[in-house]
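Below is one structure, written out as structure tokens; the observations come after it.
All values below were derived from every heavy atom in this structure, side-chain atoms included, with hydrogens, water molecules and symmetry-related copies excluded.
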Amino acid sequence: MHEAAELVRVIVNRTIVQERKGRGRRGYGRLLAVRLLVFAQLVGIHKDEVLERYLRENRGIARILGFKEIPDRTTIGRWKQKLAPVAKEAFEKLSTIIGMLTETELLVVDSTPLEDLHDPEAEWGFYSRGAFKGFKVHISVDQEGLPRKALVTPGNRHDSPFLPKLIDGQRAKHVVADAGYDAKENRRACRRIGAKPHIARNPRRSGKRRYTPALCKRKRYVVEQFNSRLKEMLQGCWVRFKGLARKATIVYTALIAMLAIALKALIEDRPELLRRIGAYRY
């Protein structure tokens, strides 16, 4: 656990999460809050009360993360409500670092559902297996299966309009997506970043015969495997926290945890760690 805390302290630093400027009492600050939420994802502690108790029983871990006092579970819950934009920005900064360390040959775009029948903000939507009620994680991953951009939405949002945002600012030679992203604007978005689009044709939209590019057939498994790893990292914890904001926070902090492991693997030249989820599980 000490190694996990040290990894979070190094990766989630003041460059990645900048504190607000201004006067007044700042409390714990955004940096420590994001550190703790990422640490919780890294070690697999998904209940606020369990996380508070763990810190009280392991003061050395708390000190490594930067805490002089232990936050209570109510405080931790408030962080999940309000820190989604901060966690998203931190994730995107780490993704940029990944892009500096590895050349991006390929981006694969997809979405995966977070089913939750009882969340009052959940909406009915559709994915490959049919209807579901909940939320969606829209994601782009590179050829190594590492997340590069992500958005969390209610389940009723269609996938296609999000492709430009999921590849914006990226550099890649190829972009792969299924027929749910079949649109002229999406192909133009791929070309704007200098990438060749490999998007399956949807006959209901184009009126043409269904067609799936060869690269789409060969490489879609990359994002499908990532979706499974993300669900493994989250361990179904999204049903514990109600509302889009809280779910977005736990998704982005889970993505940061995944990239923290990946960065360690790249820096130490340990490819066996690159996509490993359970390296620090509690």
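D110 places no side-chain N or O within 3.5 Å of a backbone atom of H138 that could act as its donor or acceptor partner. Counting only distance, with no hydrogens or angles, the side chain of D182 and the backbone of R201 share no donor-acceptor pair below 3.5 Å. The backbone N or O of V17 sits nowhere less than 3.5 Å from a side-chain atom of K93 that would complete a donor-acceptor pair. A donor-acceptor pair under 3.5 Å links the side-chain atoms of E19 to the main chain of R30, judged by distance alone. Here the side chain of W79 pairs no donor or acceptor atom with the backbone of T249 at under 3.5 angstrom. Side-chain atoms of D119 come within 3.5 Å of backbone atoms of G243 as a donor-acceptor pair (strictly under, hydrogens ignored). Between the T102 side chain and the G99 main chain, no donor and acceptor come within less than 3.5 Å of each other. Without hydrogens or angle criteria, R275 side chain to E144 main chain gives a donor-acceptor distance under 3.5 Å. The main-chain N or O of F162 is never found under 3.5 Å from a side-chain atom of Y181 such that the two would form a donor-acceptor pair. Without hydrogens or angle criteria, E115 side chain to K133 main chain gives no donor-acceptor distance under 3.5 Å.
Between H118 and K242 there is a side-chain heavy-atom pair separated by less than 4.5 Å. Side chains of Y54 and M1 form a contact here, defined as non-hydrogen atoms less than 4.5 Å apart. Using a 4.5 Å heavy-atom cutoff, the side chains of T153 and S111 are not in contact. Contact check for Q143 versus V108: no side-chain heavy atoms found under the 4.5 Å cut-off. Side-chain contact between F135 and W238: absent, with no pair of heavy atoms (C-beta onward) separated by less than 4.5 Å. Counting only heavy atoms from C-beta outward, the side chains of H2 and I64 approach each other to under 4.5 Å. The shortest side-chain heavy-atom distance between C216 and I199 does not fall under the 4.5 Å cut-off. The shortest side-chain heavy-atom distance between K173 and E103 falls under the 4.5 Å cut-off.
Closest of all the heavy-atom pairs between A33 and L83 is CB-CD1, 3.4 Å. Nearest approach of L7 to I261, heavy atoms of both residues: CD2-N, 4.4 Å. Counting all heavy atoms, side chain and backbone alike, S140 lies closest to V109 at CB-CG2, 4.0 Å. The two residues L146 and I98 have their closest heavy-atom pair at CD1-CG2, 4.1 Å. When every heavy atom of L234 is checked against every heavy atom of A254, the shortest pair comes out as CD2-CB, 3.6 Å. In plain terms, the two heavy atoms of N13 and L31 that are nearest each other are O-CD1, 3.5 Å.
Side-chain contact annotation: H174 with E105, donor-acceptor N/O pair under 3.5 Å absent. No side-chain donor from either of T104 and R171 sits under 3.5 Å from a side-chain acceptor of the other. No donor-acceptor contact under 3.5 angstrom links the side chains of S95 and K149, judged on distance only.
Salt bridge status for R148 with D142: present, with a side-chain N to carboxylate O gap under 4.0 Å. We find that R73 and E52 are not joined by a salt bridge, their nearest charged nitrogen and carboxylate oxygen being 4.0 Å or further apart. In summary, D48 and R240 do not engage in a salt bridge, as defined by a charged side-chain N under 4.0 Å from a carboxylate O. Classification of K47 and E49 as a salt-bridged pair fails, no side-chain N sitting under 4.0 Å from a carboxylate O. Look at R220 and D178 and you find a salt bridge, because one of the NZ, NE, NH1 or NH2 atoms lies within 4.0 Å of a carboxylate O, short of that distance. Between R229 and E232, none of the side-chain N atoms (NZ, or NE/NH1/NH2) sits under 4.0 Å from a carboxylate O, so this pair counts as no salt bridge.
The aromatic rings of Y127 and F132 sit perpendicular to each other, their planes meeting at more than 60°, with 30° as the lower class boundary.
Sorted by first then second residue, the salt bridge (Lys or Arg N to Asp or Glu O under 4.0 Å) pairs that include residues 154-167, not counting sequence neighbours, are K136-D159.
Under the 4.5 Å side-chain heavy-atom criterion for grouping Ile, Leu, Val, Met, Phe, Trp and Tyr, V152 is not connected to F126 through any hydrophobic cluster. Residue V239 is grouped with residue V50 when hydrophobic side chains (ILVMFWY) are merged at heavy-atom distances under 4.5 angstrom, including chains of intermediate members. Residues V10 and L32 do not share a hydrophobic cluster, clusters being chains of Ile/Leu/Val/Met/Phe/Trp/Tyr side chains in contact below 4.5 Å. The cluster map of Ile, Leu, Val, Met, Phe, Trp and Tyr, joined by side-chain heavy atoms under 4.5 Å apart, puts V175 and Y221 in the same cluster.
From K82, atom NZ reaches atom CZ of R246 across 12.0 Å, with rounding to the nearest 0.5 Å. Here N227 contributes atom CG and T112 contributes atom OG1; the two are 4.0 Å apart, rounded to the nearest 0.5 Å. Atom CD1 of I193 is separated from atom CG of D168 by 8.5 Å, given to the nearest 0.5 angstrom. With rounding to the nearest 0.5 Å, the separation of CD in E224 from NZ in K219 is 13.0 Å. Remark: L114 CG to C237 SG distance equals 9.0 Å, nearest 0.5 Å. L55 CG to L65 CG: the interatomic distance, rounded to the nearest 0.5 Å, is 7.0 Å.
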task: Begin with the C-alpha distance, continue with both residues' side-chain angles, and end with the deciding distance and a verdict on side-chain contact (heavy atoms from CB on, under 4.5 Å) for I97 and L101.
output: CA-CA 6 Å; I97 295 173; L101 295 176; 4.3 Å; yes
field: Stepwise side-chain contact (heavy atoms from CB on, under 4.5 Å) check, K247 with D116
entry: CA-CA 11 Å; K247 283 180 169 62; D116 190 342; 3.0 Å; yes
Audit row: F67, L36, side-chain contact (heavy atoms from CB on, under 4.5 Å) steps and yes/no: CA-CA 9 Å; F67 288 93; L36 181 58; 3.9 Å; yes
task: Let me see the working for L107 and V141 under side-chain contact (heavy atoms from CB on, under 4.5 Å), right down to the final yes or no.
output: CA-CA 5 Å; L107 287 173; V141 304; over 6 Å; no
message: Let's go through E272 and R276 carefully: what are the C-alpha distance in whole Å and the side-chain angles of both, what is the deciding distance for salt bridge (Lys or Arg N to Asp or Glu O under 4.0 Å) to 0.1 Å, and is it a yes or a no?
response: CA-CA 7 Å; E272 74 278 5; R276 190 173 173 185; over 6 Å; no
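With sequence neighbours left out, the salt bridge (charged side-chain N to carboxylate O under 4.0 Å, His left out) criterion links E3 to K264.
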